[in-house]
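Presented below is the structure to which this report refers.
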Amino acid sequence: MEDEECPALVPIAAGGSEGPDPGRRIPVTIITGYLGAGKTTLLNYILTEQHSKKIAVILNEFGEGSALEKSLAISQGGELYEEWLELRNGCLCCSVKDNGVKAIENLMKRRGKFDYILLETTGLADPGAVASMFWVDSELGSDIYLDGIISVVDAKHGLQHLTEEKPEGLVNEASRQVALADLIIINKTDLVSGEELNKVRTSVRSVNGFAKILETQRSRVDLSNVLDLHAFDSLSGISLQKKLEHVKTTQAHLDKGIMTVTFEVLGDIKEENLNLFIQNLLWEKNVKDKTGHAMDVIRLKGLVSIQGKSHQVIVQGVHELYDLEETAVEWKEDEKRTNRLVLIGRHLDKEIIKEVFIATVTEKHGNS
Ligand SMILES: Nc1nc2c(ncn2[C@@H]2O[C@H](COP(=O)(O)OP(=O)(O)OP(=O)(O)O)[C@@H](O)[C@H]2O)c(=O)[nH]1
Ligand SMILES: [Zn+2]
């Protein structure tokens with residue numbers, strides 16, 4: 001029974017004599033994954049491993065039947081701060097969004113006491129809603145930044161979760177969590193045969209062709225694979241370019257057909273045309289596949305070459321939200337300027353998206 005409980009928060013020993021710098025932006029890592037996959041085990045593992053960070057943990061755990069309460073606790077020097085936030089029943093996304101922001105705002109009043117935030121979402125959460133709040137809330141955005149989304153998959157039950165049927169063809173939570181992840185941890189490998197593990201890995205990869213996949217028991221991972229990923233910001237500029245080059249378009253594998261599509265188009269593009277392309281895809285949803293289904297993009301990543309900008313620009317999208325940010329990486333004189341996008345979602349057709357992209361970015365729009 002004991003290990004079913006949420007972790008007792010363990011004080012983190014500061015690495016050196018220096019405390020966290022209160023002026024610095026704090027990274028947030030979202031830990032998501034289906035019920036019982038091993039999120040809390042991972043959290044516990046991170047908290048007890050040797051590292052030089054002071055970590056604040058936000059648990060967002062309310063199982064079925066339990067009161068809708070959230071516990072927010074940070075642990076520092078053996079002291080435990082705790083606040084309980086009541087969530088109103090109803091739409092999970094909105095509740096999580098509103099109260100999540102509040103939780104972190106409250107947490108930020110104690111800034112200086114921690115230098116990293118780990119946020120465990122409930123097993124049924126859409127991490128996109130949680131991730132979005134860091135972009136929507138500009139005040140928060142100046143204090144913290146989203147470092148990455150980790151999705152823990154249960155090696156034993158993962159496939160079953162990923163293929164679960166939802167009414168009206170909705171995407172199930174497990175698939176959404178995998179689609180949004182920057183890092184996927186297939187946990188509980190002790191419970192499956194090599195063959196079963198292969199099946200899970202193949203299915204997970206078919207959904208998300210981008211994320212790094214690790215396999216673990218008891219969520220034991222090398223922390224350098226988990227923390228400070230810089231998955232959303234320009235610090236990942238150079239590595240992102242390398243990573244994007246290795247992504248391959250996948251074949252939809254599971255029932256709901258989430259897959260990864262990637263393509264490259266050479267040349268410079270106009271920022272307004274890129275915005276138009278993305279907005280058609282994410283907002284207007286007027287880009288359709290061969291069968292007339294609107295393409296449904298859950299996650300978008302890319303590096304593009306914007307006319308008039310000397311540096312590479314990162315494109316990040318989570319559901320309807322997206323963001324362009326200039327990186328520190330400059331296009332070199334002899335380098336071909338190019339645009340590479342990775343899209344994860346449903347009803348994606350690589351050839352059609354690429355055509356629409358080319359048509360949109362090369363067309364003259366507006367009056368410039
Ligand atoms: N056999 C086995 N059991 C594991 C492993 N990792 C975690 N568990 C167990 O699986 C159960 C669920 O783990 P948790 O870490 O609580 O999972 P969770 O994702 O936080 O669960 P919820 O918060 O309820 O969604 C616990 O009893 C863990 O001890 C593993 O690698 N192998
Ligand atoms: Zn948990």
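In each ligand, atom 1 is the first atom listed, and ligand 1 is the first ligand listed.
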[X] [atom1]: over 12 foreign heavy atoms closer than 6.0 Å:
X    : atom1 : value
H293 : NE2   : no
E195 : CD    : no
K212 : NZ    : no

Residues [X] and [Y]: side-chain donor-acceptor under 3.5 angstrom:
X    : Y    : value
T41  : N44  : no
T216 : N187 : yes
Q177 : S151 : no
S305 : D268 : yes

Ligand 1 atoms in contact with [X] (distance to a heavy atom under 4.0 Å):
X    : answer
L191 : 1 (N)
E120 : 20 (O), 23 (O)
T41  : 7 (C), 13 (O), 14 (P), 15 (O), 28 (C)
D190 : 1 (N), 2 (C), 30 (C), 31 (O), 32 (N)

Test of proximity, [X] against ligand 1: N or O pairs below 3.5 Å:
X    : result
K39  : yes
T189 : no
S219 : no
L42  : no

*R218, Q217, R220: member with heavy atom nearest to atom 9 (C) of ligand 1*: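 Looking at heavy atoms only, the winner is R218.
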*asked:* Is K156 close enough to touch ligand 1? Criterion: a residue heavy atom under 4.0 Å from a ligand atom.
replied: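 No.
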*asked:* Would G33 count as a contact residue for ligand 1, given that I'm defining contact as a non-hydrogen atom of the residue lying under 4.0 Å from a ligand atom?
replied: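 G33: no contact with ligand 1 (<4.0 Å).
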*With backbone taken as N, CA, C and O and side chain as the heavy atoms from C-beta onward, which portion of L35 lies under 4.0 Å from ligand 1: side chain, backbone, both, or neither?*
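Both backbone and side chain of L35 come within 4.0 Å of ligand 1.
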*Side chain or backbone of V152 under 4.0 Å from ligand 1, or both, or neither, by non-hydrogen atoms?*
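No part of V152 is near ligand 1 at this cut-off.
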*Sequence-distant partners of N275, side chain to side chain contact (heavy atoms under 4.5 Å, CB included), two or more places apart*: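 Here the qualifying residues are E271, Q279, Y322, L324.
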_Once salt bridge (Lys or Arg N to Asp or Glu O under 4.0 Å) is applied, do any residues pair with K350, and if so which ones, sequence neighbours excluded?_
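Result, salt bridge (Lys or Arg N to Asp or Glu O under 4.0 Å) vs K350: none returned.
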